[in-house]
> 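Below is a structure I'd like to ask you about.
Numbering of ligands and ligand atoms starts at 1, following listing order.
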Amino acid sequence: MAVQTVAGNTTSSAPAVDLGPAAALSCRECGERFELGPLFACASCFGPLEVAYDLPTGSPEELRKRIEAGPDNIWRYAPLLPVPADVAEKPNLNPGFTKLVKADNLARELGVTGGLYVKDDSGNPTHSFKDRVVAIAVEAARAFGFTTLSCSSTGNLAGAVGAAAARAGLRSCVFIPHDLEQGKVVMAAVYGGDLVGIEGNYDDVNRFCSELIGDPLGEGWGFVNVNLRPYYGEGSKTLAYEICEQLGWRLPDQIVIPIASGSQLTKIDKGFQELIKLGLVEDRPYKIFGAQAEGCSPVSAAFKAGHDVVRPQKPNTIAKSLAIGNPADGPYVLDIARRTGGAVEDVTDEQVVDAIKLLARTEGIFGETAGGVTLGVTKKLVEAGVIDPALTTVVLNTGDGLKTLDAVSATSQATATIKPSLDAFRAAGLVAN
Ligand SMILES: *Cc1c(COP(=O)(O)O)cnc(C)c1O
């Protein structure tokens with residue numbers, strides 16, 4: 001089939017840029033295909049575009065061996081990503097292959113017997129899962145000749161873009177809501193690019209960036225989550241690949257994923273489907289659960305009401321990295337949760353804080369508020385009998401608690417402050433045993 005550009009004025013059969021197995025962009029709504037380029041909406045129906053592939057042929061055993069012999073980062077999956085074959089040799093942050101922690105203490109506390117795992121993405125270079133998506137977007141930016149890397153961000157993305165641009169030798173200019181946590185602001189600024197605070201919430205920032213793309217002011221700019229969004233999204237597939245490989249090339253039975261725009265959740269499902277298609281894992285049912293904070297729960301509200309459309313909300317929650325009131329992938333998240341027999345649920349800010357401390361206390365992992373949302377929802381759904389405790393369950397921790405200290409600082413302080421004497425220590429009543 002001929003491939004058209006968005007303008008519809010040229011046709012060719014081979015992509016003009018080398019992004020490895022990526023063959024074209026295709027519309028998720030009407031299926032129309034477009035040549036690889038910095039496009040994000042279908043010229044015919046305005047549906048979102050996604051990357052379509054010529055996936056590797058050959059035996060699953062060969063592919064599995066090739067992956068296992070690759071580097072200890074996301075580039076081991078380069079044959080399944082929109083990146084050139086020599087991607088690992090270019091200057092980039094090499095994120096991924098983070099720990100999958102078997103969380104036995106947490107499992108005991110929650111009453112989960114079928115195996116509970118925490119996929120801990122706080123171990124990425126800028127301490128959140130965003131390094132995965134940005135690494136892929138950087139390759140697209142290079143391929144399309146962009147010299148400035150940009151984004152609208154709830155915090156973590158700004159830091160990931162700043163760091164990746166610094167390593168890749170690109171300029172960066174990133175946009176955030178003005179009132180983010182200090183840890184996120186400093187992480188976004190320290191890499192030396194421009195950081196702009198916008199007086200408004202994330203949805204205002206995103207709207208502003210869409211305007212900037214259409215203006216001469218934004219010419220030559222690659223916005224990782226706007227005009228490079230189809231490529232950016234593919235980075236989240238690596239979470240699906242890693243989890244399955246780390247489980248011994250097996251799908252988890254249940255997985256709990258936080259939702260901001262919903263991109264991550266939809267692409268983890270895409271990753272599982274590709275592994276099944278390629279014969280890398282056995283085709284068996286899995287359930288996908290989505291997690292939101294009550295103060296920003298448009299997808300959860302739609303799920304519970306049985307709606308197909310997501311009604312936008314004005315966010316008010318401590319889980320700022322997830323505070324997107326009008327999530328672009330909301331309807332697709334609903335589809336996936338319903339198709340797989342999963343659910344979308346939300347928890348209060350108080351439950352978020354309790355869950356951050358539960359994970360820290362049981363497993364020695366300090367997650368950010370998004371991790372608290374995800375574990376909080378996991379706990380709620382186990383208690384409600386929606387998550388089956390006898391099945392293998394994976395919970396994502398997508399960010400680092402050091403960036404959201406305010407969430408726990410009031411209740412995480414020194415047990416006692418004393419004079420440096422044994423008498424004072426004895427008087428403090430801390431019996432050593
Ligand atoms: C961005 C982000 C997410 C979710 O992102 P999506 O927009 O749903 O893909 C989850 N956790 C953290 C910590 C994030 O920064």
Side-chain angles (χ1 to χ4, degrees), residues 48 50 95 98 118-124 126-134 136-137 151-161 174 176-177 180-181 183-184 187-188 202-203 205-206 224-226 229-240 255-271 288-293 296-300 310 315 317-334 336-337 344 352 355-356 359 365-377 395-404 407:
E50 69 174 341
T98 56
V118 176
K119 178 62 171 168
D120 187 12
D121 252 12
S122 67
N124 274 313
T126 69
H127 305 270
S128 87
F129 107 96
K130 291 295 197 302
D131 291 315
R132 298 175 182 275
V133 283
V134 170
I136 310 293
C151 66
S152 55
S153 171
T154 56
N156 284 316
L157 184 58
V161 166
V174 299
I176 57 171
L180 289 185
E181 304 96 334
K184 302 264 174 72
M187 280 288 282
Y202 173 81
D203 298 286
V205 178
N206 203 37
V224 301
N225 59 337
V226 189
R229 188 173 181 83
Y231 309 93
Y232 159 97
E234 295 298 292
S236 289
K237 294 192 307 179
T238 59
L239 274 164
I255 181 166
V256 193
I257 304 169
I259 301 166
S261 72
S263 171
Q264 177 180 210
L265 186 147
T266 64
K267 298 307 179 187
I268 287 174
D269 179 58
K270 187 180 182 186
I288 293 189
F289 298 88
Q292 296 203 294
C296 182
S297 53
V299 188
S300 163
V310 173
T317 168
I318 58 168
K320 294 186 179 183
S321 55
L322 304 181
I324 298 184
N326 188 12
D329 288 284
Y332 299 105
V333 169
L334 292 173
I336 290 166
V344 185
V352 171
I356 291 173
L359 183 60
I365 297 171
F366 185 21
E368 76 144 85
T369 45
V373 167
T374 312
L375 180 57
V377 162
V395 180
L396 301 192
N397 176 45
T398 47
D400 193 323
L402 286 173
K403 290 199 217 177
T404 57

> Side chain, backbone, both or neither: which part of S128 comes within less than 4.0 Å of ligand 1 when only heavy atoms are counted?
neither
> Is P258 close enough to touch ligand 1? Criterion: a residue heavy atom under 4.0 Å from a ligand atom.
yes
> Using a heavy-atom cut-off of under 4.0 Å, does the side chain or the backbone of V133 touch ligand 1, or both, or neither?
neither
> Going by the atom numbers of ligand 1, which of them fall below 4.0 Å from some non-hydrogen atom of S321?
13 (C), 15 (O)
> Short question: side chain of T374, backbone of A370 - any donor-acceptor pair under 3.5 Å?
yes
> Using a strict 4.0 Å cut-off to heavy atoms of L322, name the atoms of ligand 1 that fall inside it.
3 (C), 10 (C), 11 (N)
> With atoms numbered from 1 as shown, which atoms in ligand 1 lie under 4.0 angstrom from a non-hydrogen atom of S263?
6 (P), 8 (O), 9 (O)
> For the residue pair K403 and N156, establish whether any side-chain heavy-atom pair is separated by less than 4.5 Å.
yes
> Just to be sure I'm reading this right: ignoring hydrogens, which of T398, T369, T404 gets closest to atom 13 (C) of ligand 1? Compare them by their nearest heavy atoms.
T398
> For I356 and A407, work out which heavy atoms get closest and say how close.
CD1-CB, 4.3 Å
> Report yes if some heavy atom in the side chain of E50 is under 4.5 Å from a heavy atom in the side chain of K267; otherwise report no.
yes
> Distance under 4.0 Å to a non-hydrogen atom of G262: what atoms of ligand 1 satisfy this?
6 (P), 7 (O), 8 (O)
